[in-house]
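Reviewing the structure listed below.
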Amino acid sequence: MKKKQVRISVLVSGNGSNLQVLIDAIENGIVPNAKIVQVISSNASAYAVERAQNHDIPVNIITKHDYADIRDRMDAILEMLQLENTDLVVLAGYLSILPQKVIKAYENRIINIHPALLPKYGGKECYGMKVHERIIEAGETESGATIHYVDEGIDTGKIIVQGVVPVRPSDTAELLKERVLKKEHELLPIAVNQVIKEQML
Ligand code: GRF
């Protein structure tokens, strides 16, 4: 019997390099039996939107501007996830925090990519470039990427995979970000395959 296709919704806000990695991994059969059924972007001009369109993936734009009340915004997201019969939600550089209602509806079926070795350098104030700046300031010799399940805390969900990169004495936050991003790209297809297996999607 043919295996059912896992329906993935990807939430983005920016460049979408991780989205691209997932698109390619599905197209190349590295993540088999899966389909990105939609990309939801918090930003209409994000490059991620163009990447999705280039692969004929439906895009839904849900911005703060259109939904000033966060509850309405999150209800709209939940509705779109459900309308598309989403099995798995991938937060790939999505800059908002999902409320309990969404997390409960997709328990163990939402994953996030974090650009550091959690539980270190996570939490409310630790996102984007700040993470890399802090790591360099603290004189760490190692950093890396973490892909984890999303629970009700910030960056506290169960870790799926992690990969380490060196922090070099000559590093700027920008250089470190690039090295970590490469690691994220390596890990994302592995994490998605693992979650599909673990959660029997
Ligand atoms: C990555 O650094 C990821 O760790 C963070 O947001 C960034 C997204 O990059 N959550 P991209 O949009 O996938 O290129």
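Counting convention: from 1, in listed order, for ligands and their atoms alike.
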Go through the side-chain N and O atoms of Glu50 and Asn54 and say whether any donor and acceptor fall under 3.5 Å apart. no
Near Gly93 (heavy-atom distance under 4.0 Å), the atoms of ligand 1 are 6 (O), 8 (C), 10 (N)
Between ligand 1 and His114, is the shortest N or O to N or O distance under 3.5 Å? no
Among Ser13, Ala145, Gly16, whose heavy atom sits nearest atom 12 (O) of ligand 1? Gly16
Looking only at distances, please establish whether an N/O atom of ligand 1 is found under 3.5 Å from an N/O atom of Glu184. yes
Are there more than 12 heavy atoms of other residues, nucleotides or ligands under 6.0 Å from atom NE2 of His65? no
Cut-off 3.5 Å, side chains only: do His148 and Gln162 have a donor facing an acceptor? no
Heavy-atom contact under 4.0 Å between Ala48 and ligand 1? no
Nitrogen or oxygen of Gly14 less than 3.5 angstrom from that of ligand 1: no
Nearest non-hydrogen atom to atom 13 (O) of ligand 1 belongs to which of Asp155, Asn18, Val21? Asn18
Hydrophobic cluster membership, Leu88 vs Ile57, 4.5 Å side-chain cutoff: yes
Strictly below 4.0 Å, N to O, side chains only: are Arg134 and Glu140 in salt-bridge contact? no
Ion pair check, Arg179 and Asp171, cut-off under 4.0 Å: yes
More than 12 heavy atoms of other residues, nucleotides or ligands under 6.0 Å from NZ of Lys64: is that the case? no
Identify, for atom 14 (O) of ligand 1, the protein heavy atom at the shortest distance, and state residue, atom and that distance. Ser17 OG, 2.5 Å
Enumerate the atoms of ligand 1 whose separation from the nearest heavy atom of Ile113 is less than 4.0 angstrom. 3 (C), 4 (O), 5 (C), 10 (N)
